[in-house]
Amino acid sequence: MPVADYARVVWAIIAKDAMVEWRTKTAFLSAMVFAILVLSILFFARDPTAVSSLDVAPGALWVTFTFAAMVGLNRAFLLERENGAMDGMLLTPIPRTAIFVGKMGGNLLFVALVEAISIPLFILFYNVSLAGRLPQLILVTAMATVAFVAVGTLLSAMVVRTRFAELMLPVLLLPFLIPPVVSAVQVTARILAGRPLSEMMPWLKLLAGFDIVFCVLTVLLFEATLDE
Amino acid sequence: MPVADYARVVWAIIAKDAMVEWRTKTAFLSAMVFAILVLSILFFARDPTAVSSLDVAPGALWVTFTFAAMVGLNRAFLLERENGAMDGMLLTPIPRTAIFVGKMGGNLLFVALVEAISIPLFILFYNVSLAGRLPQLILVTAMATVAFVAVGTLLSAMVVRTRFAELMLPVLLLPFLIPPVVSAVQVTARILAGRPLSEMMPWLKLLAGFDIVFCVLTVLLFEATLDE
Amino acid sequence: MNEPLLAAQDVSRRFGYRQIFSNVTLTLEPGEVLALVGPNGAGKTTLLRVLAGLLKPTTGSVRRNGTIGLVAHHSMGYDALTARENLAFAARLWGVSETGRIDLLLDRLGLSKWGEMRTAAFSRGMIQRLAIARALVHDPGILLLDEPLNNLDEPGAEVVLQVIDELAERGRAIVVVTHQFERIAAIATSVGYLVGGSLEGPEPIDGRAAEVVSHKYRSLLAGG
Amino acid sequence: MNEPLLAAQDVSRRFGYRQIFSNVTLTLEPGEVLALVGPNGAGKTTLLRVLAGLLKPTTGSVRRNGTIGLVAHHSMGYDALTARENLAFAARLWGVSETGRIDLLLDRLGLSKWGEMRTAAFSRGMIQRLAIARALVHDPGILLLDEPLNNLDEPGAEVVLQVIDELAERGRAIVVVTHQFERIAAIATSVGYLVGGSLEGPEPIDGRAAEVVSHKYRSLLAGG
Amino acid sequence: MTRRERALGTARTGQVVTAISLLALAGVFVRALAFTPVDRLQGPAQKILYIHAPVAFTSLMAFAVCGVLSLIYLAMRDRRLDRAAAASAEVGVAFSVAMLITGPIWGKPVWGTWWTWDARLTSTLFIFLLFVGYLIMRDAVIDPDQRARFSAVIGIMGLVLVPFIHLTVYLFRTLHPNPTLLKPSAPSMPGVMLVTLLSSIGVFLLLYAGFVTQRYAVAALQELREEEMLRDS
Ligand code: HEM
Ligand SMILES: Nc1ncnc2c1ncn2[C@@H]1O[C@H](COP(=O)(O)OP(=O)(O)OP(=O)(O)O)[C@@H](O)[C@H]1O
Ligand SMILES: Nc1ncnc2c1ncn2[C@@H]1O[C@H](COP(=O)(O)OP(=O)(O)OP(=O)(O)O)[C@@H](O)[C@H]1O
Ligand SMILES: [Mg+2]
Ligand SMILES: [Mg+2]
């Protein structure tokens, strides 16, 4: 299949997901509510005399992102299950990987949107100043997000077919979140503290490695989850 | 309807939910793995040089509980929507409130299970010593859980029935979740720090008031969400 | 016994700003089998749900003198439970004592050998059979059937027709929505045409053949 | 042109440890309309999914020389999208240029006035019509229909029969699963009986009436 | 020989191997308790080493075996590979439980705490949880082919994940002893202790082999019985 056609199909899937989400807005609003809730729980949970809000900020940010992503991932494949819509895609001659990449693109869009809204809220709540370091924060966010959306998309494709298994997505996904989330937290903490790039490098390398390995692996393994 | 019959019907609904959950045969195991993973993500999502694990403990506990409740609530009403099963209940002569109480009971059971597993793990992992203060922790957990499960059950019932409410659920839910969860976090932090009861009283009163008002209110309002 | 089992008076229903039907008036006497026909999207399912009490009519009122059994487009069951468990749950909600009745129904609808299988693995026809069994679990006074023959094979359809006959004989009232005119004469004692947002009839059909119903229906369609 | 459009060779399928059918062999020539009959739970839907390539056969092989159009028990659509959007999405995946074709299909299936409505608010019959339109969007070489007349009113059923005729005339192959024997003679050129886990036939039915098919089916049922 | 007889034969082999290794285990215990010196710093608590380390090593190896078998399964689609992978994962989880019980029992007297978020402890915990998830998933899928494919996918992903988790948590490193055995320089442990430890590891590997063989045979027999039931009905 020529690259242009491949891209067109991937885009069709992303656009469809975006349209469905736009019509219902449920997942997005739930994710936002969850984000606000987590940000405030962690804000109020600390003893203000002992811990400054800045110290818990990186953790709060990443816990928020992680769980918001979970809400989105779960929904993305439920959508395909509802009326057996996945069958409609599988009948067409498009490559299986295009379906995966399309669904992953939709999920990325979703999580990115939640993140884009959470970051300002986070800056507001936790009163952090990011002068000039916002690009760095965006970079690390993007890197970590790609990592867990790739794995999450693959796992939710399987979990959704085991029926009544909403709990299983977190159970399977969370171990895979440890490396990207921990790295991201570490990098974020250093960014907020204004440390030099060199101090973040080991973590960034880890993240980059994780991204590359798992993006390739998940695309390859997706087909194995399909052929019945 | 005589009280005995009422109780029988409520029990039938709870038993059915438990059976559906049990069919995965793994609800308990999943809940356990889930709790461990959430607790440890939060543990690692902090900068170890700046924040001691004890300082993030209350937040970790309540994020775990909130997330578990969200998963449980979502699932409980999706179940009723899947094949229009709710219609089957509404046709019968059982009082509407019994349906509500039954669903709420099922949700409470689920969340309580996760909590019962999380607390010992939490003590182990975060190395907190609760000598003699465990009953206090259980009390506040129960109070906050009842509050948000009641509100959550009502709102998720609305989501199942009317398409419009789908938009409103998360938005409505947020303001109702903040008071109990934030109160619970505050009380938990004081319990862990070994503060006297008097320091927690204002929060506990708030929680108790919230519980009473919203349990009554949600039971009364449930019927209004049903008749279209 | 002369009290109608169900009486709908000037019932209308809107969804948002769309009026689906208006001024529907009908009564169901014991022993009556009403066939409800009408094109796709006419509002048959909506009317049935109003009669069942699952939807409030926008205006008008419905009085019911019996319990409702409903076979709808959806199965109202839980995929994770077996056929038997699904029926047992319904029975408990209706306050019916379970065992004998459930075995009987499973047997009647040809589900005996599937009783212990989770309905997630059921074929469409098996699901339809279970939905019918479920509607009968409490021996309803008023049975509402929304295209009950969907997905059923010959013997299955036969059973449904027998059940309708038996219930009618025992003084129940039945409403059947169907698109299969050739069956109507055999099943129903009266027919109502839901076309263009209003109900024509119900009028008796005893002795009249499928062609008559079909002909009248077509002329209504052309007129609306 | 003499190459069959679809050839299944010794196909069998299990779910878990239950053998649903075995040794199914069939070919579909251009212009052939095969009616597939069998009791509930016989495996008709499963066979159709194997032919479509959605399920791998446990043993045996299926060769396809054309694109597949499938009308299944489920609609394969998205509730949040309108009828038109659903068709447009399918068209894009198939690489079909959209507009003219979609208008045509909506019109053909009587959905023109519902085109801009979200399918969440569709009646069952409207959903079925959309599923049929969806299966036709890329003018498939092989059309597989799983009880396509379900929920359709008379004019709707008429359209489906016409579509089948037209496609057959244009050298497509069609498989129809149905329980309505009285329609078979009018639609199909051959019939296959899926009873007791194996396929009897396909054999030609030209000129033979519904009674013949029905009689043979009953005798197979009794024999199995 | 029928498949049934072969499966029964495999089961018997497994039983024999298990019996032998249990006997050997008793021998190792006697040696550990009676003929190996007490550690000068840690006292008798150190005796747990002879269970803890072998059990930990074996369970990690079991998970690795599961991952590799999963990979081969996806390539060859032979149901036996799936059965073996599952058996290995199950035994690995059981051994992990033993590790997670003996570790804290040892940790309390030595470190003064049941649990600490040190790199090695944490990464083993996550790997353990991953394979608990693997088993939960197996339970939730009914169709054997689908189950095999899904499990294989998770097994492979797990295999790839392990080094990443290791790298990650290493930056939280704290208390746990670094490898004394598998390291570039020579083992740093008194000879007597080392011999006891090594023989214990050998015995646990044998035990692992016995368990997996039996579990594999049981799965094969289950499959056979279900097929027979199918044929009868
Ligand atoms: C609390 C839970 C604990 C866990 C999960 C745990 C886990 C492990 C693991 C995974 C290994 C690696 C086996 C290998 O790679 O060959 C190991 C080995 C070992 N553990 Fe632990 N451990 C725990 C507690 C302890 C404690 C408290 C001590 C003693 C202070 C201890 C001492 C050792 C020793 C000496 C080895 C052998 C090291 C080697 O030769 O590689 N462990 N443990
Ligand atoms: N996913 C599945 N897992 C296990 N068994 C299944 C599954 N899907 C179908 N079956 C079983 O396969 C058999 C055939 O099902 P299928 O849906 O093909 O029947 P059918 O001939 O289409 O019946 P109907 O006329 O009722 O639609 C049934 O007994 C059903 O229980
Ligand atoms: N929840 C809803 N919101 C808005 N409109 C609806 C809703 N449910 C049904 N409708 C509309 O009401 C009309 C009647 O629907 P209904 O399902 O009652 O038709 P029906 O006569 O049962 O048709 P069919 O024969 O296709 O089953 C349809 O036009 C449909 O679009
Ligand atoms: Mg309808
Ligand atoms: Mg079928």
Side-chain angles (χ1 to χ4, degrees), chain A residues 144 147-148 150-152 154-187 189-190 199-200 202-203 205-228, chain E residues 63 67 70-77 81-82 89 93 96 117 119 121-173:
Chain A
F148 61 69
V151 179
L154 180 70
L155 292 179
S156 65
M158 293 195 290
V159 161
V160 131
R161 253 162 316 146
T162 64
R163 305 201 79 95
F164 47 93
E166 279 78 2
L167 250 187
M168 252 168 66
L169 180 65
V171 167
L172 292 176
L173 183 55
L174 284 171
F176 291 94
L177 293 186
I178 304 273
V181 171
V182 172
S183 310
V185 167
Q186 296 293 332
V187 175
R190 286 170 177 73
E199 270 191 32
M200 312 168 195
W203 293 111
K205 276 186 193 154
L206 183 73
L207 255 181
F210 193 94
D211 277 351
I212 294 168
V213 170
F214 277 92
C215 279
V216 173
L217 193 66
T218 49
V219 169
L220 291 180
L221 286 177
F222 181 66
E223 194 152 1
T225 69
L226 291 181
D227 60 12
E228 308 214 32
Chain E
F63 295 145
S70 299
L71 194 64
I72 307 177
Y73 170 81
L74 273 197
M76 305 189 22
R77 304 288 167 123
L81 289 165
D82 171 60
V93 165
S96 286
W117 293 96
L121 268 58
T122 310
S123 49
T124 7
L125 177 67
F126 289 137
I127 294 158
F128 165 71
L129 292 179
L130 182 72
F131 280 90
V132 173
Y134 173 97
L135 293 181
I136 292 176
M137 157 74 97
R138 288 189 74 84
D139 213 32
V141 185
I142 309 156
D143 185 65
D145 289 311
Q146 195 183 43
R147 177 171 59 215
R149 278 183 291 113
F150 284 12
S151 315
V153 167
I154 295 175
I156 294 169
M157 300 249 294
L159 195 64
V160 178
L161 178 65
V162 168
F164 282 102
I165 289 201
H166 241 84
L167 270 173
T168 308
V169 293
Y170 234 81
L171 292 149
F172 275 81
R173 109 185 55 181

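Chain letters run A, B, ... following the sequence lines, proteins first and then strands; every chain starts at 1.
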Residue part contacting chain E, namely of Leu206(A), when any heavy atom lies under 4.5 Å: both

Part of Leu174(A) within contact of chain E (heavy atom distance under 4.5 Å): neither

Identify the two heavy atoms, one from [X] and one from [Y], that lie closest to each other, and give their separation to 0.1 Å.
X: Arg77(E); Y: Ala224(A); value: NH2-CB, 4.3 Å
X: Tyr134(E); Y: Leu172(A); value: N-CD2, 4.2 Å
X: Pro179(A); Y: Phe164(E); value: CG-CB, 3.9 Å
X: Val151(A); Y: Met157(E); value: CG1-CE, 3.7 Å
X: Ile154(E); Y: Met158(A); value: CG1-CE, 3.8 Å

First locate atom [atom1] of [X], then atom [atom2] of [Y], and finally report the distance between them rounded to the nearest 0.5 Å.
X: Leu221(A); Y: Phe150(E); atom1: CG; atom2: CZ; value: 12.0 Å
X: Leu173(A); Y: Leu130(E); atom1: CG; atom2: CG; value: 11.0 Å
X: Phe176(A); Y: Ile165(E); atom1: CZ; atom2: CD1; value: 8.0 Å

Chain A contacts, top residue of Leu74(E), Val153(E), Val132(E) (heavy-atom pairs, under 4.5 Å): Val153(E)

Top contributor to chain A contacts, counting heavy-atom pairs under 4.5 Å, from Ile127(E), Val160(E), Leu129(E): Val160(E)

